[in-house]
Each structure stands twice: as structure tokens, then as C-alpha cells.
Amino acid sequence: MSSAISDFIRNRIRDDIENDVVDGSIVTRFPPHPNGYLHIGHAKSICLNFGVAKEFGGKTYLRFDDTNPLKESTEFVASIQEDVRWLGFDWEDRLTFASDYFDQLYGFAEQLVESGRAYVCDLSADEIRATRGTLTEPGSNSPYRERSVAENLDLFRHMRAGEFEEGSRVLRAKIDMASPNLHLRDPVLYRIMHAKHHRTGNKWCIYPMYDFTHCICDALEGITHSLCTLEFEDNRPLYDWVLENVSINFHPPQIEFSRLGLEFNVMSKRILTTLVDDGHVDGWDDPRLPTISGLRRRGVPPEAIRDFCARVGVTKQVNLIETSLLDFCVRNALEDTSPRAMAVIDPLPVDVINFEGDDIALEAPNHSKNPDLGIRQLSFGKELFIERSDFLESASKKQRKLTLNGIARLRYGFIVECVDVVKDSEGNPTELKVKYVPESRSGQDTSGLKPRSTLHWVSGANAVSAKFRLFEHLFNVREPGQGDLGDELNPTSKIEKDGLVEKVVIDEAWDRCQFERNGYFVRESDSTAATPVFNRIVSLSSGVR
RNA sequence: UGCCCUGUAGUUCAAUGGCAGAACGCUUGGCUUUGAAUCAAGAGACGAUGGUUCGAAUCCAUCCAGGGCUACCA
């Protein structure tokens, strides 16, 4: 279906393989921090890491970067695994945790101390900040910078033994307090945290920092290409420094690519958390959220997300992808495989005044081009419903509506002519009086009539009531997160309607289908046979409406 | 008054010194019992200025614009 993907990272990998820079097959990793739920931005990274490994015959680790026990939990570890699996990727036996390497990490830290490249610093966090300098001014050396190796080793071991209070001391790399790269101004390598870790329990009271941990884990796992997002560009010299100053004989290259930006969406963990905590959305799996669990509940199939990630590409450019591309991928994935049915979301009763007797049984294909999806029964009778928006007393030629004294085809049914409209005191239509054309039966039409519009409909006898949830963008600005959240939220991002759906959809418990002319829908998780609920996954593409 | 990264159609990406292409979106037309799908056509871009070169989107310089970096987070 899709031809070989090409981007600067894949080109680099191809070159590395051709030039024997990699020994054997390539190895990548997806290294989430288990402190939140995954979103479609993570999916880009997952598709990249697992994707290139698959394409080049390599392997991928799922490695949890769990170096901060205060922010992590097993709940997130579980949900992340579920999401990665749901997206269609398999780490096989390569599930690891940074905490698996705590012992080795500690050993490497002692090496740094012994070679005089790291020291124990007694400055407080505030003092370290104050002496780090600024973007334009160099920092100043810590008064503890010249401690002897023996003293540092002793102190570090006592740190590990739990003899110091949190915040009282840290282990820092001795690099350059005047470096124009702030990350090289004697970065903290270990801090004291008397906290229980979700995997190592109370074994440790000092925990390694990201910059010290990540590069070493990459090296230990033999990661041949360490792919991360752009904001780590300035960390790369530190990544390299650690690996050069520790006795490890493998040095992965860190390669950075840009995060995914999706218009009308936020990927910031901070803002997503606010949305959930303040009740702006109904949990992390709210169908309006770009979280993997939200997309799953929305009814988006994983192949649509993979296709989307492939189409979006991988570069170092800051980007803001149009939602129309995601919509396209979703429709594309659903088009051939989704059975069709009819649902009237905002019903307007229709009385067929010239109809008498029992309902007429009709047949309709579940997919006009895919006969494998089968056929279903419809019934046509005196009591029908059409979409309220499909009736206009008078309409222009371009508007495909049923008009007063006009005709329309009821899909897979008969042609009807509207002869009268009943209105309430405010002039809104409450019922249509129509005549059907008996010789216009679908497939056996001898009427010679050529109605301009074909409408979806249901008959009262063949329909059950259902709730429909229609979603719009959660935000009403293309790039939210800049100003006040309240102003940026779209007040009509979720609309619930009470309508009617063909019985067969409920009787046979269809979970995902297209309601003709209304879009693709998925049966909600809180849906029951008594009160069915459908989420609109995506509307159909449409021109004038 | 620092360091790093990035500038190609509306958007996201190709083109790796040799005719600027694609996808999505948009416009128009065909088909159609879904304003869908599908088919066909079309409009639309190298941030700027210099330089190197037979030849520059590509190399160099300067400028401009956008993003990132000042956590004992990752």
C-alpha cells in the first residue's frame, strides 16, 4: 500500500548499515517516562522506533525511564504497554526499565568519582541555580568542586547509605561552569530521594538523573540509533560526555527529530492533566483528546494512526499538522471495511399519507462495493423519520433537500413527495405529510422520476432510539496552550443527540459502522442494548452543506 | 545580549550541484440511489541579499524569521 518511507533518520540508518557503522542489525528503543498517558505525539515516536527496526531487520526495546520515583506508577506502566500493543507493535522479550540498571549505573558513577570527573556538592538547589549563571553569563565554580577523590567517594557512599537528608548533597559532573551550553555546567548526576520506587522499593535513596541514565541504558542495550525529540539537542553533548568518561565500549548516536504538532490539540502533559483534573473532559480517554486511549475510545483504528504517522514524516522542522490529514487517514482506514446503516440523529416525523397496510420489506447492501459485508432488511411503512436538516420549505438548486411539494429518494426505499408540513407555534416543522410513489421501489423503479436528492431515513417499525455523541475540536484555536485555557476551549466540542437507528445495528451489536451521510460511528463503551450510545469517529468529507 | 536547531505550495514532506515533485487540503468537471467513495483536470512554493560555479533549493557569507536551552523533571 505505502511505498518505502524515506526521511533523514532512515537515510542515516541506511548509510550506517552500508558503511558497516553498525555491527549486525540495528537496535532502537521507545523510552517513555511512566508518569502519564501516551498521546499521538508518542505514537509518532513509537511508529518511528518500531518502524525503522522492522524495516531494517532490527529490534526495539520498550524501556521505561523510571528514575524519578515521585512521579511514576505501575498504573502508567500498564497503560503504556497496552497502548503500544494496541498500536500494533511488539517488543517481544525486550521490556526493560532504567531501574533494572540502578546497580550498574551506580558503578559507573563511582568510576566518574574515581577519575575525578564527578564530585559531591553540598550546595542547595537554590545555590546551584544561582551559581549556574544565565543564558548569557557564565556560572561560577562550586566551593566543593575541588574535593579529593577519596572524600568524594566516601561522601557518595554515605549518600547511597542513606545518611544524608534529601536536598543536602548531590553528585555533579565536573565539566565546565563557563560552557555556553548550560547542560555542561557541572550537571547533577544523582540526587537524594528518600522515596519508595515502584519497582526497587526502598533499596535506593539516591536516584540517577535522566542525562546520566539515558545514555548508559542506551549503551548497555546496544541501541544503535537513539532517537529523541528536538528539545534534547542541547543534552547531546552531555550524553556524549558521559559515555566518553565511563568505561563502556559502546556509544550510540543521539538523533533528534521534531515533535508532532496537531492543530486544535495540545500534547503538553501539563495541559492535558489540567483538562482532566478540572473536568473539561471526561477522563484521559475522552474521545476529544489526542491520547491513545482517547483515540481508541473515539473509534479510530490503530492502522489509521500508523498511516498518519507515516504521512506526517520525520524532520527537524517545527510543525503543526492539519486535522484534515488525520480525518483522511481515519476515513481511509474505515471506508472499505465498515458496514453501512442508516441513523437519523435529529428526527423529523414523516407521515406517508397514501400508505396502507403492513410495512413493505426491503433489502439493502451493507456496503455498495463490498458484497462480503452482506445485506440487511429494511422496512418501509406509514411512519418514517428523516433528518430534520434534510427538509427545507424551499431550497436552492444546489441544496439537496426535500422541499415542500418537492420529491426525494429515500435511500433503498421509495421516492416521496412532500405535500404538507405541520408546524408548531413558532413555525418549526414538527411533521411532514408525504406521498410515496409505489412504482419507485429501489431497484424496480419504473416511475421515471429523477429526484436530485437521496436521503437517509428509518421507519418507526424498524428503528430503535439511540444517543449520538458528535465531537468537534476541543479547542477553537489552531494552536492552543498559548493563552487562557477557558478562552481557547470550544464550548460545543461535545454534543449529544437523541435519535433513531436501524434495529439491526443494535440486534447484531455492530461495533463500528458508517451511518450513511452522517459519518463513521463506534458503539460507546458505556452503551447498552437498552440505551445504545454511538460516538461519531469522523464525519464524511463534504462540500456545501 | 550567549549557545544549539530549522526555513521549499494553505499544511506536512521529497528532490543530497543538473527540468522543483508528492500527499492532504482547495477549485473545476465526470460518474453516482451516501453532497461519501471513485475518476479526470487545475491553481499553488525554494525567507532575503550577496558570493562561488557552465549550472545553486542544494555550497559559502550576511541578514531576517521561527523553535529550543537558565529543574536535585524527562
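Fair warning: this is a prediction, and the values are worked out from it, not measured in the lab. Computation of the quantities below employed the complete heavy-atom set of this structure, encompassing side-chain atoms and omitting hydrogens, waters and symmetry-equivalent molecules.
- Nucleic acid contact class of A:Met342 (heavy atoms, under 4.0 Å, all strands): none.
- The listed nucleotides are B:G35, B:U12, B:G67; the one nearest the side chain of A:Thr454 is B:G35.
- Of the side-chain N and O atoms in A:Thr315, one or more sit less than 4.0 angstrom from OP1 or OP2 of B:C13.
- Across the protein-nucleic acid pair, A:Asp234 atom CG and B:G68 atom P stand 12 Å apart, rounded to whole Å.
- Among residues at least two apart or in separate chains, there is no salt bridge (charged side-chain N to carboxylate O under 4.0 Å, His left out) pair with a member in residues 32-44 of chain A.
- With a 4.5 Å cut-off on side-chain heavy atoms, A:Phe264 and A:Pro480 do not count as touching.
- For A:Gln317, the listed nucleotide lying nearest its side chain is B:U6; candidates were B:U6, B:G35, B:A36.
- Here the side chains of A:Arg185 and A:Ile175 are not in contact, with every heavy-atom distance at 4.5 Å or above.
- The P atoms of B:U49 and B:G35 are separated by 49 Å, rounded to the nearest whole Å.
- Atom pair A:Glu256:CD and B:C5:P shows a separation of 10 Å (rounding to whole Å applied).
- A:Glu502 has a carboxylate O that lies under 4.0 Å from a charged side-chain N of A:Arg376, or vice versa, which qualifies the two as a salt bridge.
- Identified under the salt bridge (charged side-chain N to carboxylate O under 4.0 Å, His left out) test for residues 329-347 of chain A, with sequence neighbours left out: A:Glu335-A:Arg340, A:Asp346-A:Arg388.
- Under a 4.0 Å N-O distance rule, the pair A:Arg145/A:Asp186 qualifies as a salt bridge.
- Within the 4.5 Å cutoff, the side chain of A:Thr213 has no heavy atoms near those of the A:Met209 side chain.
- Annotation: B:C63 and B:U70 have their P atoms spaced 26 Å apart (nearest Å).
- If you check B:U38, B:A14, B:G67 against the side chain of A:Lys369, the one that comes closest is B:U38.
- With distances taken from any side-chain atom of A:Lys316 to the nucleotides B:C5, B:C13, B:U34, the minimum falls on B:C5.
- With C1' as the reference atom, B:G10 and B:C60 are 33 Å apart, rounded to whole Å.
- Take the nearest nucleotide of RNA chain B for A:Arg478 and for A:Asp65: the residue whose nucleotide is more 5' is A:Arg478.
- Heavy atoms of A:Tyr190 sit nowhere under 4.0 angstrom from any nucleic acid atom.
- No salt bridge links A:Asp390 with A:Arg400; every basic N to acidic carboxylate O contact stays at or beyond 4.0 Å.
- Using atom P as the reference point in both B:C13 and B:A20, the two lie 23 Å apart (nearest Å).
- Looking at the side chain of A:Arg191, the nearest of the listed nucleotides B:G67, B:C72, B:A37 is B:C72.
- Counting to the nearest Å, the C1' atom of B:U34 and the CG atom of A:Asp390 are 11 Å from each other.
- A 4.5 Å side-chain heavy-atom check between A:Val501 and A:Val458 finds every atom pair outside the cut-off.
- Of the residues in residues 166-187 of chain A, A:Gly167, A:Val170, A:Pro180, A:Leu182, A:His183 come within less than 4.0 Å of RNA chain B through at least one heavy atom, sorted by number.
- Side chain to side chain, A:Ser459 and A:Ser379 meet the donor-acceptor criterion of an N or O pair below 3.5 Å.
- Taking the charged nitrogens against the carboxylate oxygens, A:Asp445 and A:Arg441 have no contact shorter than 4.0 Å, which rules out a salt bridge.
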Would you tabulate the pairs of protein nitrogen or oxygen atoms and nucleotide nitrogen or oxygen atoms of nucleotides 16-19 of chain B closer than 3.5 angstrom?
unit_1	atom_1	unit_2	atom_2	d
B:U16	O4	A:Asn11	ND2	2.5

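- Rounding to whole angstrom units, CZ of residue A:Arg311 and P of B:A22 are separated by 15 Å.
- One interatomic measurement links the two molecules: CE of A:Met159 to P of B:C72, which rounds to 13 Å at whole-angstrom precision.
- Using a 4.0 Å heavy-atom distance criterion, A:Gly519 is classed as making no nucleic acid contact.
- Checked against the 6.0 Å centroid threshold, A:Tyr119 and A:Tyr144 do not count as a close aromatic pair.
- Helical stems involving RNA chain B, defined as 3 or more consecutive Watson-Crick or G-U pairs under 3.5 Å, span B:2-7 with B:64-69, B:10-13 with B:21-24, B:26-30 with B:38-42, B:47-51 with B:59-63.
- Of the inter-residue distances, the one linking A:Leu227 atom CG with A:His225 atom NE2 reads 8.0 Å to the nearest 0.5 angstrom.
- At the heavy-atom level, A:Ser124 lies under 4.0 Å from base atoms of the strands shown.
- Side-chain N/O atoms of A:Arg517 and base N/O atoms of B:U34 include no donor-acceptor pair closer than 3.5 Å.
- Here the separation of B:U53 from B:G17, taken at their C1' atoms, is 9 Å to the nearest Å.
- Within the 6.0 Å centre-distance limit, the rings of A:Tyr106 and A:Phe156 are counted as a close aromatic pair.
- Between A:Arg259 and A:Glu231 there is a salt bridge, with a side-chain nitrogen of the basic residue lying less than 4.0 Å from a carboxylate oxygen of the acidic one.
- For the pair A:Glu165 CD and B:C72 P, the interatomic distance rounds to 18 Å; values are reported in whole Å.
- Checking the phosphate oxygens (OP1, OP2) of B:C69, no side-chain nitrogen or oxygen of A:Asn235 falls inside 4.0 Å.
- Taking for each of A:Glu516 and A:Ser258 the nucleotide of RNA chain B with the nearest heavy atom, the 5'-most of the two is the partner of A:Ser258.
- For B:G21 and B:U8, the C1' atoms lie 11 Å apart once the distance is rounded to whole Å.
- Protein atom CD1 of A:Ile386 is 13 Å distant from nucleotide atom P of B:G35, rounded to whole Å.
- Checking B:U6, B:G2, B:U34 against the side-chain heavy atoms of A:Arg411 singles out B:U34 as nearest.
- Between B:U58 and B:U52, the two C1' atoms lie 13 Å apart (nearest whole Å).
- Taking atom CH2 of A:Trp204 as the reference point, atom C1' of B:C72 lies 17 Å away to the nearest angstrom.
- The residue A:Phe232 sits close to a base: some heavy atom pair falls under 4.0 Å.
- By the 4.5 Å heavy-atom criterion applied to side chains, A:Ser442 and A:Phe414 are not counted as neighbours.
- Counting atom types as modelled, A:Gln514 pairs a side-chain N or O with a base atom of B:U34 as donor and acceptor under 3.5 Å.
- Residue A:Arg132 places at least one side-chain N or O closer than 4.0 Å to OP1 or OP2 of B:A71.
- Straight-line distance between the P atoms of B:A23 and B:A37: roughly 16 Å, to the nearest whole Å.
- Contacts between residues 320-331 of chain A and RNA chain B, defined by a heavy-atom separation under 4.0 Å, are made by A:Leu320, A:Ile321, A:Glu322, A:Ser324, A:Leu325, A:Phe328.
- A:Asp218 and A:Tyr239 are linked by a side-chain donor-acceptor pair at a separation below 3.5 angstrom, with hydrogens and angles left out of the test.
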